[in-house]
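This report refers to the structure that appears directly beneath it.
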Amino acid sequence: MGRPPGVFVRPVTMTEGRRLQRIGRTSRDPVRLRRAIVVRGLIHAFNETGFAALNPKWSGGRPKTISEHARRQICLLARCCPRDLGLVFSA
C-alpha cells in the first residue's frame, strides 16, 4: 500500500552529508551553495523538532544605539526651521 500519509524525511547518509559539506565549502555557484547549506540544516532540524523547524526564527534585530529621549530630541530638531535655531545656511 505504501507509507502512511504525512511528511517523510529520511536521514542523510554519511556519504550525502560529506558531499553536502563539500558543496558548502567549495561551491562557486551561490544558489547551489545556499541550497546545500539549507538542505543539510533543515533536515537535521526537522528530525529534531518536527514542523517547528519550518517556522521562521525572527530575531530582535540590531540593538538600539540611542535612548528614546535622545530620539525624541532629534526628531524635534529635525522638524524645526534652521533660522529658528539661529542657524543661517544662506548669505
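Here the structure is a predicted model, which means the values were calculated and not measured.
- To the nearest 0.5 angstrom, Leu77 atom CG is 11.5 Å from Asp84 atom CG.
- Counting Ile, Leu, Val, Met, Phe, Trp and Tyr side chains that sit under 4.5 Å apart, directly or through other members, Ile74 shares a hydrophobic cluster with Ile66.
- Nearest heavy-atom pair, Ile23 versus Leu33, reported as atom, atom and distance to 0.1 Å: O-CD1, 3.8 Å.
- For residues 12-23, the salt bridge (Lys or Arg N to Asp or Glu O under 4.0 Å) pairs, not counting sequence neighbours, are Arg10-Glu16.
- Among pairs with a residue in residues 61-80, none fulfils side-chain hydrogen bond (donor to acceptor under 3.5 Å, both in side chains), at least two apart in sequence or across chains.
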